[in-house]
Every structure is written in C-alpha cells, then in structure tokens.
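Just so you know, ligand 1 is whichever comes first in the structure, and atom 1 is the first atom listed for that ligand. Numbers for residues simply follow the sequence, beginning at 1.
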Amino acid sequence: MTELPRLPAQGGCSNAPILKQRGQREVFCGLTGIIWLHRKMQDAFFLVVGSRTCAHLLQSAAGVMIFAEPRFGTAILEETDLAGLADAQAELDKVVDQLLARRTDIKQLFLVGSCPSEVIKLDLSRAAERMTEKYAPSVRVLNFSGSGIETTFTQGEDACLASMVPVLPKTDTRQLLLVGALPDVVEEQAVSLLEQMGIGPIKVLPAPRADTDLGIGENTVFALTQPFLGDTHGALERRGARHLPAPFPFGEEGTTAWLRVIADEFGVDADTFERVTAAPRARARKAISQASEALRGKTIFFFPDSQLEIPLARFLTRECGMEAIEVGSPFVHKGIIGSDLEMLAQGPVISEGQDVDLQLDRCRAARPDLTVCGLGLANPLEAEGLATKWAIELVFTPVHFYEQAGDLAGLFSRPVRRAGLLKVEAAE
Ligand code: SF4
C-alpha cells in the first residue's frame, strides 16, 4: 500500500500569520510569460502593445530565441500615440493586418497589454473583439495584460489562460482538464501515468493548437499543475468546472499526493494506483536522495518571484531535509496552495509581496545557506558570501513529476556544493 503523506502536527503553516509587505519590488512583469507560452502554443502569436522598454525586456529574456522568427513581437507605441495625436486603434489595426498577411500560420493572436498601453487606457479588449469578427473563422484574437502594474512574472501565464476560458466551447463530457503550461515531455509523463490508471478523457489547457476540441462544462474537473493560476481557476469555476485541490506535483511525495487526489475522484482502486506508481516513485526517491545529499540540514530563504515558492519549500523541507527560514511569494492564494501550506512544517516566516530592502535585511541577518532570488539580487548577494539560486530557472526547467524530481533537487544542491567548494579553495 502507498502510505499517505505524513502531515506535520497542527496543520503545518495553514494558519501561520502571513507577513504582508508592499514597497520596492524586484520582480519581472507578466510579459515574460510569453517566452514559454509561445513555445507551447504552436499556432499562437503574442503581440505586445507597449514601449521600447517592453521590447527590450522580451529580447533580453528570450536571449538567442529572438533569432528564430519567434511568434511574439512588440507593436511599439510612439510618442504620437502616447500624446493622443494618432488614433492608436487605427495604428494597431494596420500592424495586425500586416502581421496576419505575412504570417498565415497564426490561428490565435493575443494582444498583450503593457504598462504604457494601460496608462493611456488603450482598450485592447474592444480591439480584440473587433478583430475577432474581422478575421473569423481563421484567426481568434484575444487580449490579456502582462503589464508590471497588474502582473508579476508567472501571472502573465495566468492572465493568458484566463483570457481563453470564456471563449472555449461548452461540453457536457465528464473529463479531466490539466491546467498549466508544462514542457511537452513532462506533460506526456503526467498524462501517461493518469491514463495507465484508466483515467480519461484528459485535456490540457493551454492546448498546443487553437483547433483542438477543447470544451468545458459542469462535468469537467480540473487539476492545476502550476500554483500561479488564480484567475484561470476563477474563470474555470465560472464555467461550471470543479477544482480538485491538491499539493503541487513537485518531488515524489507531491507527485503522489497530486495523483492520488485525481485517482480518488475517478474511483481508481488502491492496487491499480500502487501498480502504476510504485516503480516511478522508487526511482524518484532514489534520485532525490542522491541529489539532496548536499542539502540536508541546510537553511533556505525564498524571495518572492513565481508563486512556486511555497510548494518548493514543502518539497525541500520534507524530501531534501532543508530548513526554511522565510518563504516569500508574490501572492498567497490559499484555495490553491492550501494543501502545500498544510504540509509545510511550522517555523518559516511566510511572506506575501515585498519591501525589498526590509527583506534583504532579514536575509542578511539570517545568513541562509541558500537564497532563492532573481538575477537582480543574485550576484550582489553572492558578493556578500551568500549562495544563491536564480529563481527564473525553476520556471523554464522541467521540474514537475517523478522523473524530474532528482533534477529538481539538483537545481538547489548545485549552488550549495559550489559554495562549499569555493570556501575550501579560498581557505587553501
Ligand atoms: S510591461 Fe511595464 S514593466 Fe513590463 S517591460 Fe513593459 S513597461 Fe516594463
């Protein structure tokens, strides 16, 4: 029999007070989500309506990808647009006409709002409606905001997926919907494990193509694969779908608990569950125990970045033997990460939002063995002798489910080992 995850006494951090701070922030805006979403959705194009700053951000975040005719770009608002001298809607129509004439492979076009487009109150949702009528049925035009005013980093994916939910067709089929953009190999593993238990039909949001027969309705149950999907969660519930709350599938324990919630919903018996999961669980446990050697007994401090922080702290403390000092998240949505909070032993400060100077003071005072933060803080903290893990890598690297559990632990143990080696070298 599979043992149930061991719960810490008194419901873990479920009722822990949350330190809420608002001040200077060191985070990405939601535009960065486009970098992984455009690879996942193969017939979509993301047109950011923004400034040169937004174009620069995309270029530097996408790195070499910009040379491969990617499916994203920026319609740059010029001074005449900003000053209200030009009709920005007419300008946008022109840009979209040109784009769709040149790129006939595009089936979904996202008009992505930015800080400048929001500040001048450019109505992109009206533009999207108008364009949907104009280009139907070959192209669907949608709109979401990736601006720094409204969104932090992975929330861009949330805004994008949430914008798709209202236009999905209705279906009464009893089905499981997996929600969240995962690398293809990871998604295949998840679907395969569930199918081996006899669960189906399984659909995925975002679907790889616009014409996939993805519908939604009251007989749809959905499981989130990413913790940052609060708006999408709300949009799906408004369409009648039911959420299956579960810990997120990081590590052996998280993956098993996530699968178990779905298996229970679909009436999978204990023997089947055991038969399907026993071997991958054993592989995951072995890989984690090897990769986490350097982590045992070490302390960790999370700056807020992606909303993955709480589930990852749960994995690192329970499966890799680390001690969490502070777990910062841009947002804490208890309906979504409640199961992870429950499994996280009491002790760490749970913080939401950021006042970066105050948080840096806390981090320096605690001198953790490992600090998870963005690149803006990583090198300065390294210079102060603190080992860091760059948080964005956790969003780009395949880290979910059993087969990636060892790699996930490895992402954290590498900087700890390197810091240890550098200390030895310095002492010699
Ligand atoms: S959307 Fe806002 S925060 Fe993001 S790059 Fe553009 S101006 Fe900067």
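- Electrostatic pairing of Glu382 and Arg418 counts as a salt bridge here, judged by a charged N lying under 4.0 Å from a carboxylate O.
- By the 6.0 Å contact criterion, CZ on Arg52 is open, its count of non-hydrogen atoms from other residues, nucleotides or ligands being 12 or less.
- Of all protein N/O/S atoms, those under 2.8 Å from atom 6 (Fe) of ligand 1 are Cys54 SG, and waters are not counted.
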Contacts under 3.5 angstrom, residues 403-412 side chains, donor-acceptor by atom type, not counting sequence neighbours:
from, atom 1, to, atom 2, distance (Å)
Glu403, OE1, Arg283, NE, 3.2
Glu403, OE2, Arg283, NH2, 2.8
Gln404, OE1, Gln189, NE2, 3.2
Gln404, NE2, Gln189, OE1, 2.9
Gln404, NE2, His400, O, 2.7

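- Between Glu265 and Arg242, at least one side-chain nitrogen of the basic residue sits less than 4.0 Å from a carboxylate oxygen of the acidic one, meeting the salt-bridge criterion.
- For Phe250 and Trp258, the distance between ring centers is not under 6.0 angstrom.
- Phe222 has its side chain within reach of Glu237: a pair of non-hydrogen atoms, C-beta onward, lies under 4.5 Å apart.
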